[in-house]
Q: 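Questions regarding the structure given below will be posed in turn.
Residue numbers count from 1 along this sequence. Counting convention: from 1, in listed order, for ligands and their atoms alike.
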Amino acid sequence: MALDRQLLQSLIDEFTVNAEQLREVAANFRQDLKLGLNDPNDSSLRMLKSYVGLPTGKETGEFLALDFGGTNVRVQRIKLEGAGRFEVIKKVGKPLVVPGEYNYIAADSTAEQMFDFLAGLIDEAIDKDHETKFYLGHTFSFPSDQTNLYNAELIIWTKEFKTPGVEGKIVNDLLKEALERVGATNVEPIAVINDTVAVLLSAAYQQPDTYIGSIYATGQNNCYVEASINDPENAGVGGMILNLESGNFMKLTPNRLDLEFDEQSEKPGEQRLEKMVSGRYMGELFGMALSELFDEKGKDYGFTAIDLSSMLMDDTIDGNRIAAIVKDKTGKDIDSEECAKIKQLATAMVIRSARLVTAAYVGIIWHRTGTGKINRQHIAVDGSVYEKMPLVKENIAKALNELLGEEASKVDTILDNGGSGLGAAIAAAMAVNHHA
Ligand code: GLC
């Protein structure tokens, strides 16, 4: 079939962020941070207090870590040995959705079912030992309002989670009740943190000069240490980590498809940046563009970020793998020239994602730096899009260069694989120390 070249080129153009637009997004992000620090109601960033600062690296002890926020739930027993060292003693994990069997994130599931599932997994991690005392750190990767390290109330589900009865609740209270139901009252949830915060704690535990934590996966979000906030409830050093919920950032210029996509999503108007950049949405957005090219607008082909990644990895001369994926999802046969074009569109979408994410990083760096010189620093990132999607890492580096010029040499992104679990254990240790 012959694709409309003009339409394709206009789609590629719509998904291209030029240097000027990139700088504008970074500047807007910085401004929203400033506004949000003054009053979160004036900003699209939620600026959520985490009640932890940075760890010292000397935290020790054995803790349970619950990592809940993506498609898989993991529970680990982690021994912190201090000096940035740790050992994972046990690890269990299960998906929240098994098609045809159960789905704990659907609108017809209940909070009780969801938390019973979590408690069951925790019980497995402790081998049903209901005697030994365990402190548990909980990485709960959704926007939550906190008044201390324990007390996190879910503001709103993101990432298309729909389970009723959790929004507006203190999540660790729900967890405690479920732990009681399985008889594991010896497990005491003591800290709740966002996954971005967990990644930052985990990276900072192991090496200095890390002040920004980021998740670039199903969802996309960043946190950073705000040196100016001191609070008696705050554990740790260096200030307080703020979870920006930057997936909700909206001082952007969405294109025609972004707007349509948002309208059709579970929560229109929310998580605007996330819908343009994260793994949960990129595949669908690509499918939406393709449906226009195939003159089947509105048809949902079910593309995922993994499909995008596979297409970008196709290095065959005639685009065999791209053709196979497109055939599988859309039923259409395309020739090698069309494969090359479709790859260009996928490339544009992924590069846009990396550039917008970097603009947020730079907005934070500018805010932290003020009028001084940028400090040597790492940005700790975890997540499948960062780790595995072709083109992402090099385009982050390129955008950092574009925005920071020579000073870009002082900033790099580092993969903090598994930080969500380790960070929860560190937060639990920090909570125990804070109360001691
Ligand atoms: C979504 C959540 C946020 C989380 C991110 C990455 O943006 O709202 O809390 O950090 O996904 O998992």
Q: Nearest 0.5 Å, what's the CD-OH distance between E188 and Y150?
A: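 Going from the CD atom of E188 to the OH atom of Y150 covers 8.5 Å.
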Q: For Q220, take its heavy atoms, then give the atoms of ligand 1 lying under 4.0 Å from any of them.
A: 7 (O)
Q: Is the shortest side-chain N to carboxylate O distance from E180 to K176 below 4.0 Å?
A: no
Q: Is the contact between Q271 and ligand 1 made by the side chain, the backbone, both, or neither, using heavy atoms and a 4.0 Å cut-off?
A: side chain
Q: Contact between ligand 1 and P143 is defined here as a heavy atom of the residue under 4.0 Å from a ligand atom; is it met?
A: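 Per 4.0 Å heavy-atom rule, P143 contacts ligand 1.
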Q: Would S214 and N222 count as having a side-chain donor-acceptor pair, cut-off 3.5 Å?
A: yes
Q: Show the numbers, then the answer: is there a side chain to side chain contact (heavy atoms under 4.5 Å, CB included) between V166 and V171?
A: CA-CA 7 Å; V166 189; V171 285; 4.1 Å; yes
Q: Do NZ/NE/NH1/NH2 and the carboxylate oxygens of D209 and R376 come within less than 4.0 Å?
A: no
Q: Look at atom 5 (C) of ligand 1 and say which protein heavy atom is nearest, naming residue and atom and giving the distance to 0.1 Å.
A: N221 CB, 3.7 Å
Q: Quick test: of every protein heavy atom, which one is nearest to atom 2 (C) of ligand 1, and how far off is it to 0.1 Å?
A: T158 OG1, 3.2 Å
Q: Which option out of R46, E270, K159, E245 puts a heavy atom nearest to atom 8 (O) of ligand 1?
A: E245
Q: Less than 4.0 Å between a side-chain N and a carboxylate O, is that true for K343 and D314?
A: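 Not counted as a salt bridge, because no side-chain N and carboxylate O are separated by less than 4.0 Å.
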Q: Do me a favour and list the nearest non-hydrogen protein atom to atom 7 (O) of ligand 1 with residue, atom name and distance?
A: E274 OE2, 2.4 Å
Q: Is G247 close enough to touch ligand 1? Criterion: a residue heavy atom under 4.0 Å from a ligand atom.
A: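 No heavy atom of G247 comes that close to ligand 1.
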Q: Out of V199, I215, D195, D382, indicate the one that has the non-hydrogen atom closest to atom 12 (O) of ligand 1.
A: D195
Q: Under 4.0 Å between a Lys/Arg side-chain N and an Asp/Glu carboxylate O for K49 and E233?
A: no
